[in-house]
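We number each residue from 1, following the sequence as shown. One-based numbering, in listed order, for ligands and for the atoms of each.
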Amino acid sequence: METPDPASFDGLDDLDTAPVADAPKTFLDAQAKAAATVAPVTCYACRGTGTFVSKFTGRPVGRCFTCKGTGQIAARTAKAHATKKANESAALKAQADWGAAHSDVLAWVRSNDGRNSFATSLSNQLGSRGTLSERQVAAVREGLAKLARAVIAAEPSGTGLDLSKLPEGYYAVPQGDTRLKVRIDKPGPPSKWAGFIFVSDGAEYGQAKRYGRQAPGRTYTGDIVPQLRAILADPVAACAAYGHLVGRCGVCGRKLEDAESVARGIGPICFGKFA
Ligand SMILES: [Zn+2]
Ligand SMILES: [Zn+2]
């Protein structure tokens with residue numbers, strides 16, 4: 001192998017130091033150059049107007065901060081912004097889904113926040129992370145179930161009357177000589193009374209007097225037992241009796257308008273619920 005003549009390398013020194021037109025000097029420069037080669041796109045913040053418009057007054061208040069008033073931003077910036085927005089909305093949706101699936105737990109935490117140290121710590125965690133662990137959820141649900149069992153155990157013995165088949169709504173006594181109106185409430189979750197049946201006065205301007213209630217798995221405890229027995233014997237007729245007294249559907253509260261509904265005493269859709 002021949003030793004290269006050092007003289008033939010002379011020119012290389014010049015090449016090393018000679019400025020190469022347009023060559024990026026640093027990594028950041030290279031990035032900026034790459035971004036510049038992609039055509040800029042419309043600014044997401046001002047929709048290309050270059051002007052910042054107040055969300056409160058709808059009036060332009062100055063130069064758009066995002067695009068510095070040019071109305072255009074690098075495609076890369078727009079893409080990063082879109083990705084960030086998509087991630088944010090996915091996170092929000094996940095949190096909303098979690099909340100919907102754990103509304104009983106959230107309701108307990110909310111109503112006991114600041115009154116109970118466990119609830120307060122869970123509330124703080126919800127504030128920072130948005131969700132709770134499955135273990136925490138199980139602990140709350142176990143406590144709620146225990147509470148519900150205690151409430152039911154404390155119920156006085158029932159009258160033997162079972163209202164569980166009676167749909168929620170307003171009733172009067174069929175063929176009754178009384179103008180008594182009865183309201184049946186059946187709260188669902190996340191209410192701590194879910195599964196209970198409440199009987200109260202259904203008069204429009206009444207005092208909403210409570211007659212009694214039925215705990216899950218028990219029978220009714222309270223007043224107006226003979227009237228409830230008559231209602232239970234024919235719920236459709238009882239609901240219709242209410243409709244005839246008041247002129248409104250006992251199930252949904254809508255005004256009875258067409259002749260058929262007025263005659264029947266129940267609205268057409270709600271009538272089907274008794275089938
Ligand atoms: Zn802009
Ligand atoms: Zn109705």
Side-chain angles (χ1 to χ4, degrees), residues 31-32 34-89 163-176 179-188 197-206 208 228 230-275:
Q31 266 197 332
T37 57
V38 180
V41 296
T42 304
C43 171
Y44 57 81
C46 63
R47 297 199 168 86
T49 61
T51 306
F52 177 71
V53 176
S54 165
K55 275 181 185 144
F56 298 105
T57 62
R59 281 196 291 274
V61 287
R63 216 167 57 139
C64 174
F65 186 74
T66 306
C67 62
K68 300 185 177 66
T70 62
Q72 304 253 293
I73 49 169
R76 193 167 44 90
T77 310
K79 201 177 159 198
H81 175 76
T83 306
K84 191 172 159 233
K85 282 278 159 197
N87 288 344
E88 278 170 7
S89 70
L163 303 178
S164 56
K165 296 255 159 60
L166 198 60
E168 204 170 32
Y170 289 82
Y171 299 87
V173 180
Q175 275 100 46
R179 291 182 67 84
L180 176 77
K181 299 175 195 84
V182 177
R183 176 176 168 171
I184 304 291
D185 276 309
K186 296 181 165 186
I197 301 165
F198 291 94
V199 179
S200 59
D201 192 325
E204 193 167 4
Y205 301 108
L228 286 170
I231 289 168
L232 211 54
D234 194 346
V236 183
C239 193
Y242 172 85
H244 289 138
L245 279 176
V246 176
R248 274 198 307 274
C249 173
V251 181
C252 67
R254 283 200 188 90
K255 209 161 181 278
L256 298 170
E257 290 194 305
D258 62 293
E260 198 187 335
S261 297
V262 171
R264 190 169 46 209
I266 305 177
I269 294 162
C270 298
F271 183 64
K273 291 183 185 166
F274 286 97

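Around the Zn ion (ligand 1), the protein contributes the following N, O or S atoms under 2.8 Å, ordered by chain and number: Cys43 SG, Cys46 SG, Cys64 SG, Cys67 SG. By the criterion of a separation under 2.8 Å, the protein N/O/S atoms near the Zn ion (ligand 2) amount to Cys249 SG, Cys252 SG, Cys270 SG.
Side-chain contact between Val251 and Cys239 is present, with heavy atoms from C-beta onward closer than 4.5 Å. Counting only heavy atoms from C-beta outward, the side chains of Val41 and Ile73 approach each other to under 4.5 Å.
Remark: the backbone N or O of Leu232 is not paired with any side-chain donor or acceptor of Lys165 at under 3.5 angstrom.
Considering CZ of Arg183 and CG of Asp201, their distance stands at 10.5 Å, rounded to 0.5 Å. Rounded to the nearest 0.5 Å, atoms CZ (Arg254) and OG (Ser261) are 11.0 Å apart. The distance from atom CZ of Arg248 to atom CG of Leu256, rounded to the nearest 0.5 Å, is 9.0 Å. Note that CG of Asp185 and OH of Tyr170 are 7.0 Å apart. Values are rounded to the nearest 0.5 Å.
For residues 243-267, there are no ring pair (Phe, Tyr, Trp, His ring centres under 6.0 Å) pairs, not counting sequence neighbours. Residue pairs meeting the ring pair (Phe, Tyr, Trp, His ring centres under 6.0 Å) criterion with at least one partner in residues 61-83, sequence neighbours excluded, are Tyr44-His81.
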